[in-house]
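Residue numbers start from 1 in every chain, and the chains themselves are labelled A, B, ... in the order their sequence lines are given, proteins ahead of strands.
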Amino acid sequence: MPKVLDALTGLGRSSTLARKAAPESGELAPIWQPPVFVTCPGCERRATRRAWAESMYVCPNCGRYQPIGGYYRLSLILDHGTFRELDEKLEGSDPLDFPGYKEKLAKQTRKTGLSDAAIAATGKIEGMPAVVVVLDSHFFMGSMGTAVGEKVTRAIEYATNKKLPLIIFSASGGARMQEGILSLMQMAKTSAAIADFSAKGGLYISYLTHPTTGGVTASFASLGDIMLAEPGALIGFAGPRVIEQTIGEKLPAGFQRSEFQEEHGFVDAIVPRSEMKATLAQILRLHSKGGRRG
Amino acid sequence: MIKEVLRQIDDMDKELKALGEDRSAEVKQRRKQLEQARAELLEGCNSLSAADKVFLARHPHRPKIDEYIDALFTDFFVQRGDRQCKEDPSILGGIALYKGKPVTVIGHRKGNTLEENMKYNFGMPGPEGYRKALRMMKQAEKFGRPIITFIDTPGAYPGKEAEERGQGEAIARNLAEMSTLTVPVIAVVTGEGSSGGALALGVGNRVLMLENAIYSVLSPEGFASILWKDASRHEEACDVMKLTAQDLLNYKVIDEIIPEPLGGAQLDHQALFANVDAALERNLSQLSRLSGSALASQRHKKFRQMGEV
């Protein structure tokens, strides 16, 4: 009875993802709950939580993009019942014995329910299998320490071995300061993994979301075969404050935003959240037939 | 503080020089006195704090890339430009002979005078510098030349044009491409190795580091300002960042420490060059026995293991 078993497995997987994405998707909220209003930090106008969820956390009033959690994002793109998490238990450590860091990590875990800032999974997008990694900016600003570097690298290696396409959603403040030089080395580690994946003919779609900066920009996030970005995301190596201090002048509006990166030739397309799944599926389809590996 | 010790040594050196060649007993004794005191002071430099090492790593008289090239290589031919838009002088590189064999040499260039510092942007490259370096490395691979890099930079330049031309992409591309090179790559951290701007020349089969050099995710000042919103706490940052050669050897981020003369490389360039030369020759001869694919795979594995959870 393989079919029944498949369905049951799928049920388990979809409910796991649904549960993990629930705080944002609102799926588990009782229908009789009074409307909760959420204020947009951009236009400062309010909308109901339901309206926010329906627009995938793009402000219903002004169109500003709010950061979303990793599991919620996965729930928006993966086909029902196909989610399977990779290295779920892999968590951060304190390699340099940095004062106060262990406590901070524990606090971030309590706050977000995440073991560190990266989530990796396999699943299908419109029926096409892929490995998907999401950096969650709610955990330590999505910064990359050894746990993020290791999880991203393992996901890339998994995609290499299974000959699956790779999609990485980046959102990061850069290197995790508290893990010092070892954070820096994660840039080399992840980039080398991408180089190997690429040499073996793998398709890597890099999807930049707000904000992608520092060591993540200067490693795997910039190495996609296809580069996508969410509208209005801050994407750069140095942060705007550092640049302004260095050059002693104010930066123009829109500097380092997605649209700026597209204009300067570093992004193939700016893709709204509402078209995220369809665009990914289109690119996967374009690589699924013909070509050297077809 | 090493700063105070160096000032005293400097005073003694001045006095010794002023004494000149006078052979009178009085002067002889004073000279002996001074030399003994100097030696004792240097002996005290045996165990330096992290902040002391940061000071030495940035010392204005520490040898720079062009001096290393003059001392260790012959027939240096400078290569310029990224073949896309410009020449970035904050990276110096080209082809040279090492022990009679051709190699590609690349390093951050800070300059020795303020004028030079400005011209070379204090050793802070833009994307063009990294693209030039990558171009030279790919060419070295084509002609089967080993690559030797010298790292000494406060970081990649955080400027407007640098961002417009893709500073992040340029560094990322170097990291990815360097990991696949089929020729020996030896990286030597000679001064300050700060952030991705240093690592972009640092993906080597061997990473060597001078005894008083530093290598870190960010400058101590930047670190303190990000973490504690207070750049003045940089000395405190030096201690917790684990940026000394001894720390990094423990974490297996580097493979070997190259000893410096007591009191720092700036006191005796020739002694330092001899140590660097010995380390380079030994490592290069070990690596030269490996095949191209073995070199790429050794390098890949080496960085794969860093911060393995």
Side-chain angles (χ1 to χ4, degrees), chain A residues 90-93 95-96 98-99 145-147 149-151 153 175-196 198-199 212-223 235-239 242-243 245-247 249 251 255-256 260-261 264-266, chain B residues 124 127 155-180 193-200 202-203 215-218 222-223 225-227 237 240-243 247-248 251-254 296 299-309:
Chain A
L90 195 150
E91 51 181 47
S93 62
L96 302 194
F98 195 88
T146 51
E150 182 69 20
K151 197 181 261 196
T153 304
R176 181 92 43 94
M177 290 298 133
Q178 290 86 347
E179 294 185 35
I181 191 79
L182 291 173
S183 296
L184 188 72
M185 293 302 139
Q186 302 311 303
M187 294 166 60
K189 180 163 114 182
T190 53
S191 300
I194 292 287
D196 185 49
S198 184
T212 299
T213 58
V216 167
T217 302
S219 63
F220 62 86
S222 290
L223 296 170
I235 300 161
F237 176 62
V242 177
I243 301 171
Q245 280 167 5
T246 307
I247 63 175
E249 56 181 274
L251 291 169
F255 191 77
Q256 292 181 311
F260 168 99
Q261 295 295 353
H264 286 89
F266 292 99
Chain B
M124 293 186 284
Y157 186 59
K160 206 169 151 214
E161 288 78 21
E163 291 293 320
E164 286 168 353
R165 301 201 192 111
Q167 185 76 285
E169 194 272 347
I171 295 172
R173 194 68 58 194
N174 275 24
L175 301 179
E177 296 280 345
M178 276 188 94
S179 77
T180 68
S194 273
S195 93
L199 181 63
V203 187
Y215 196 5
S216 58
V217 66
L218 199 61
F223 187 90
S225 121
I226 284 191
L227 216 54
V240 293
M241 282 176 80
K242 310 274 165 74
L243 42 64
D247 288 327
L248 300 186
Y251 289 113
K252 298 197 173 109
V253 170
I254 62 161
R299 202 179 310 113
H300 188 102
K301 277 194 196 118
K302 173 184 165 66
F303 283 87
R304 176 66 188 86
Q305 282 160 7
M306 290 195 190
E308 205 166 20
V309 179

Requested in this report: Please round to the nearest 0.5 Å and tell me the distance separating atom CG of Leu184(A) and atom OH of Tyr215(B).
Outcome: 5.5 Å
Report task. Check whether any side-chain heavy atom of Met306(B) lies under 4.5 Å from a side-chain heavy atom of Glu150(A), and answer yes or no. Result -> no
Report task. Take Leu227(B) and Gln178(A) through the side chain to side chain contact (heavy atoms under 4.5 Å, CB included) test and state the conclusion after the steps. Result -> CA-CA 9 Å; Leu227(B) 216 54; Gln178(A) 290 86 347; 3.4 Å; yes
Query raised in the report: Which region of Ala193(A), side chain (C-beta onward) or backbone (N, CA, C, O), has a non-hydrogen atom less than 4.5 Å from a non-hydrogen atom of chain B, or is it both or neither?
Result: backbone
Query - Interface residue of largest heavy-atom contact number with chain A, from Ile171(B), Leu243(B), Val217(B), under 4.5 Å - result: Val217(B)
Query raised in the report: Who among Leu223(A), Thr217(A), Val242(A) has the most heavy-atom pairs with chain B under 4.5 Å?
Result: Leu223(A)
Query raised in the report: For the candidates Met185(A), Met187(A), Gln261(A), which exhibits the highest count of non-hydrogen atom pairs separated by less than 4.5 Å from chain B?
Result: Met185(A)
Report summary line: So, the part of Arg299(B) with a heavy atom under 4.5 Å from chain A: the answer is neither
Report task. Spell out, as yes or no, whether a donor-acceptor pair under 3.5 Å connects the side chain of Glu163(B) to the backbone of Ala238(A). Result -> yes
Query - Pairs of heavy atoms under 4.5 Å with chain A: top-ranked of Lys160(B), Lys302(B), Gln305(B), Arg165(B) - result: Lys160(B)
Report summary line: Cut-off 4.5 Å, heavy atoms of chain B, and the answer for Gln245(A) is neither
Query raised in the report: Under the 3.5 angstrom rule, does the side chain of Lys242(B) hit a backbone N or O of Ile181(A) as a donor-acceptor pair?
Result: no
Query raised in the report: Would a 4.5 Å heavy-atom cut-off, applied to side chains only, mark Leu182(A) and Val253(B) as touching?
Result: yes
**Report entry** Beyond-backbone contact of Ile247(A) with Tyr157(B), side-chain heavy atoms, under 4.5 angstrom
**Finding:** yes
Query raised in the report: What closest approach, in Å, do Ala172(B) and Ser222(A) show between heavy atoms, and which atom pair accounts for it?
Result: CB-CB, 4.0 Å
Query - Closest approach of Gly168(B) to Phe237(A) (non-hydrogen atoms, all atoms of both residues) - result: N-CB, 3.8 Å
**Report entry** Interface residue of largest heavy-atom contact number with chain B, from Ala192(A), Gly149(A), Gly214(A), under 4.5 Å
**Finding:** Ala192(A)
Query raised in the report: Which atoms of Phe255(A) come close to chain B, meaning under 4.5 Å heavy atom to heavy atom: side chain ones, backbone ones, both, or neither?
Result: side chain
**Report entry** Rounded distance (nearest 0.5 Å) linking atom CG of Leu175(B) with atom OG1 of Thr190(A)
**Finding:** 7.5 Å
Requested in this report: Report the option among Glu169(B), Met241(B), Arg304(B), Glu308(B) that has the most heavy-atom pairs separated by less than 4.5 Å from atoms of chain A.
Outcome: Arg304(B)
Query raised in the report: Measuring heavy-atom distances to chain A, does Ser216(B) have an atom under 4.5 Å in its side chain, in its backbone, in both, or in neither?
Result: backbone
Query - Residue part contacting chain A, namely of Val203(B), when any heavy atom lies under 4.5 Å - result: side chain
Query raised in the report: Which pair of heavy atoms, one from Phe303(B) and one from Ala188(A), lies closest together, and at what distance?
Result: CD2-CB, 3.6 Å
Query raised in the report: What closest approach, in Å, do Thr246(A) and Pro158(B) show between heavy atoms, and which atom pair accounts for it?
Result: OG1-CG, 3.5 Å
